[in-house]
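Bear in mind the structure is a predicted one, so any value in this text is a computation, not a measurement.
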Amino acid sequence: MDYKDLADKIFPNAKDISYYEEKYPERNLKEGAIVTRFAPSPTGFVHIGGLYQATLAKKLAKQTGGVFFLRIEDTDQKREVENGITGIIDALNDFGLTPDEGMQNETEEKGNYGPYKQSLRKEIYQAYAKYLLAQGKAYPCFCTPEDLEEMRQKQEAAKIRPGYYGVWAKCRNLSVEEMMEKIEKGEEYIIRLKSPGNPEKKIKHHDVIKGNIDFPENDQDIVIIKSDGLPTYHFAHAVDDHLMHTTHVIRGDEWAASVPLHLQLFQVLGFKPPKYAHIAPIMKQEGDTKRKLSKRKDPEAAVSYYSEIGVPKEAVLEYLLNIANSNFEIWRKQNKDKSVEEFDLQLNKMGVSGALFDMVKLLDISKNVISRYDAQTVYNETKKWASKYDTELEKILDKDLTYTMKVLGMERGNVKPRKDIAKWSDIRYQTAYMFEELYEQAQEEYEYQTITDKKEIQAILENYLTVYDEQDDKQTWFDKIKDVAEKLGYAREVKEYKLNPDKYPKGHVGDVSTVLRVSLTRRANTPDLYEIMKILGKDVIQKRYQEILSK
RNA sequence: GGCCCCGUGGUCAAGCGGUUAAGACACCGCCCUUUCACGGCGGAGUCAUGGGUUCGAUUCCCGUCGGGGUCACCA
C-alpha cells in the first residue's frame, strides 16, 4: 500500500490534474498584460477597501490590455449571505468596475476559466489535493478540534511557537496503513499539506508594492481541504490563480504574512507563482491609535454610504486613485478635462503604510468633480440620487425642467465655476431659495448683516421695487441699486466708502445689496444676485419683498 | 510573545547622500468682488529618537521608542 492507494481511497472520483491543465490553457494575451481579480466573500457588503482593490485591479488590467475578473470566495459557508453576490456585482457596476470575466449575478457567469465561484470548484480542488496526496506531499489528519486545542495550550504554556508543525504534527508521520485503517474505521479527517519548509531558512520575496521582504520558510502543515470537502483560502488561492492564470494578486496586506505559505503551495503544486501586490489598508483615527476602517463602527466604510449621501462615484474613484498614487492630483490639475482612464497608475508608487481616511479631502475632490459637470449632468445625477433618497426634491426638480436647468446652471461652465456642491444631498440646501416649495418650508432663521433696522430695510426694498425692471441688463440693474443707495445716504461705491468711511455712517452700496440678497434668499451667501433675480422673475421677487414690507 | 512591515507638518505626501525639504486638503492673513464661492498672493507648521558610516545625513547601518499586520477546519 502506498500514497497512491491512499489518494484513491480518499478521492476515488477525482480527475487527473492534466484534465484541468488542458481545460484552462494559457491566456492568449500580449506581453505585459496583467491578469488580475477581485475575490471577495459574498457578504453583500462592499468595503471601501475592497473597492480600492477592485479599482486598482481593474485599472491595471485595462492599462495593460489584460483581464480583470471577479471570483467569489464562498468556501466558508457559515458566512454565506443571501444575495451576497448581487450586492457585490451591483457595487462594482455602480463604480464602473465591471469585470471582464466572472460572476454576472447569483448564478450566471462569463468567461472560459470558470466556475468563478469557489463552492462550484470543489472537484477541482480535490483533484489537486489528490495529486498532492498521491505524492505524499499532503496527508489526512485525524486530530480533532479538541486535540488541536490541547496542543495549542501546551505550546502556549511552554512558550513555543503555536501550530501544527514538526514534532507537533502528529498525523504527518502516520504510516499509510495506519491512515487507511483510521479511514476504514470512519474517523473524521481533513487534508493537510506536508510542509517541506524549514523556518531556519529564509525565503526572498519581492512584493510589487512593498518591495523586498524576507520571511522564514513556512513549516506549518496547514489545512488544505476542510472537513466539508471545501478548500481553505490558501489552497483555493493557489489552485484558482494558477488555473485562471492570474499574473498579479492584488489584495489587502493582511495577507502579506501568508506569502511564504502561498509560495510554498505553488512550489509544491508545481505552479508558477503570481506577482503579489499587498495594499495597505485605509485607516481611521480612533483616540490616539489607528485602525482599519470598520464595517461595524464606521458608516464610511461601506461603499453604499457614498451613494446615500450623494457623492459622485467619480469623486470616490478619484479619491482612491489619489491615495494610491499621490501624483494623481498633479496629473488631474494638468489634465482637467481628461478622463481618469488616461491616468497611468503605477503600483510601485503606492504607499506602503495605511493612509488615514480623509472625508474632508474626499469632499473637496467631489466639489471639483462636480464643478466640472454641466447643468444637464448635475440634473441627471441629482435626479438619480433624489429618486432614491429624496423623492420630494425629485418632484420639485421635475416640475419645470427648463427652470431647473437654469438654476442648476448658475455660474456653471465659467472659467472659474462655483465649487459649493460636494454631494447631491447639498442641492436641496444650496438651491432652496430658488424653489418656492423649498423656500416656504425652510423657515430658517436669517440675519441681515450691517443693516438691521427694520425701517431701513423696508425703505431699501420699497425704493428698489419702484426702480426694478426685469428687462435691465446687469449694468443698468446695478446702477439702479447704486441710485437707491445714494438716495438713502449710503456710499454709491464701495471704494469711495473705504476711502472716507466717516462720510458714510450708514454704509455703502454693498450693504444695500446685501439687504436685497438676504430679503430675497434668506442667505448672506449666494451666487450672483442678478442671475438669481433673472431666474426667479419679477413675481417672486415682488412677492417676497412685499411680505417683508407688510410686516 | 515570535515573525513581517512602517515612522517627513493636523491629514495625504514628493524626496532615494549636498534641496531655501515640492505639492494637495485643512487652518490663518491679504487681494479680487455688491455677498459667498472661485481665483491670485502670502503665512504658520514636518524629517520619532540615540548612536554610528561619511567632508556632509531626511536619505545608508544599528539600537530604542512608537504605530500597523499576522500567527484558525475565516477569508
**Q** At under 4.0 Å between heavy atoms, which parts of nucleotides 63-75 of chain B does protein reach? Answer with one letter per nucleotide, 5' to 3': B base, S sugar-phosphate only, - none.
**A** -----SSS--BBB

**Q** Determine, for D298(A) against R291(A), whether the closest basic-nitrogen to carboxylate-oxygen distance falls under 4.0 angstrom.
**A**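 Yes, this pair counts.
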
**Q** Do you see a donor-acceptor pair shorter than 3.5 Å between the side chains of D240(A) and Y116(A)?
**A**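 Checked: D240(A)/Y116(A) side chains show no N/O donor-acceptor pair below 3.5 Å.
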
**Q** Given U34(B), C4(B), U11(B), identify the nucleotide with an atom nearest to the side chain of L356(A).
**A**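 That would be U11(B).
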
**Q** Reading RNA chain B from 5' onward, which residue's closest nucleotide shows up sooner: G351(A) or T514(A)?
**A**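 That would be G351(A).
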
**Q** Side-chain donor-acceptor pair under 3.5 Å between Q118(A) and Y233(A), yes or no?
**A**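 Per modelled atom types, Q118(A) and Y233(A) side chains form no pair under 3.5 Å.
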
**Q** Return the orientation label for the Y276(A) and F266(A) ring planes: parallel under 30°, perpendicular over 60°, tilted otherwise.
**A**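 Y276(A) vs F266(A) ring planes: perpendicular.
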
**Q** Any N/O pairs under 3.5 Å between the protein and nucleotides 25-29 of chain B? List them or say none.
**A**
from: C25(B); atom 1: O4'; to: K361(A); atom 2: NZ; distance (Å): 3.4

**Q** Could you check which of G39(B), U34(B), A13(B) has an atom nearest any side-chain atom of K416(A)?
**A**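 Nearest listed nucleotide: G39(B).
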
**Q** Does the U35(B) base have a donor-acceptor partner in the side chain of R523(A) within less than 3.5 Å?
**A**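 In this structure, the two groups form no donor-acceptor pair.
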
**Q** Assess, by modelled atom type and distance only, whether the side chains of E462(A) and Y545(A) contain a donor and an acceptor separated by less than 3.5 Å.
**A**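 No pair is found: no donor N or O on one side chain lies under 3.5 Å from an acceptor on the other.
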
**Q** Pairs in or reaching into residues 47-56 of chain A: which pass side-chain hydrogen bond (donor to acceptor under 3.5 Å, both in side chains), with residues at least two apart or in two chains?
**A**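 As it turns out, there is no side-chain hydrogen bond (donor to acceptor under 3.5 Å, both in side chains) pair with a partner in residues 47-56 of chain A once direct neighbours are skipped.
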
**Q** Stems in RNA chain B: runs of 3 or more consecutive Watson-Crick or G-U pairs, distances under 3.5 Å?
**A**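 So far as stems of 3 or more pairs are concerned, RNA chain B shows B:1-7 with B:65-71, B:10-12 with B:23-25, B:27-31 with B:39-43, B:48-52 with B:60-64.
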
**Q** Can you build the contact string for nucleotides 40-45 of chain B? Use B for base contact, S for sugar-phosphate-only contact, and - for no protein heavy atom under 4.0 Å.
**A** ------

**Q** Is there a side-chain polar atom (N or O) of K202(A) under 4.0 Å from OP1 or OP2 of C4(B)?
**A**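 True: K202(A) side-chain N/O within range (under 4.0 Å) of C4(B) OP1/OP2.
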
**Q** Does a donor on one side chain and an acceptor on the other come within less than 3.5 Å for D511(A) and T514(A)?
**A**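 No - no donor-acceptor pair under 3.5 Å links their side chains.
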
**Q** Just compare C36(B), C12(B), U34(B) and give me whichever is closest to any side-chain atom of R418(A).
**A**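 So the nucleotide nearest the side chain must be C36(B).
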
**Q** Taking only residues two or more places apart in sequence or in another chain, which ones pass side chain to side chain contact (heavy atoms under 4.5 Å, CB included) with N212(A)?
**A**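 Here the qualifying residues are H206(A).
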
**Q** Do you see a donor-acceptor pair shorter than 3.5 Å between the side chains of Q264(A) and S195(A)?
**A**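 Judged by distance alone, the side chains do pair up.
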
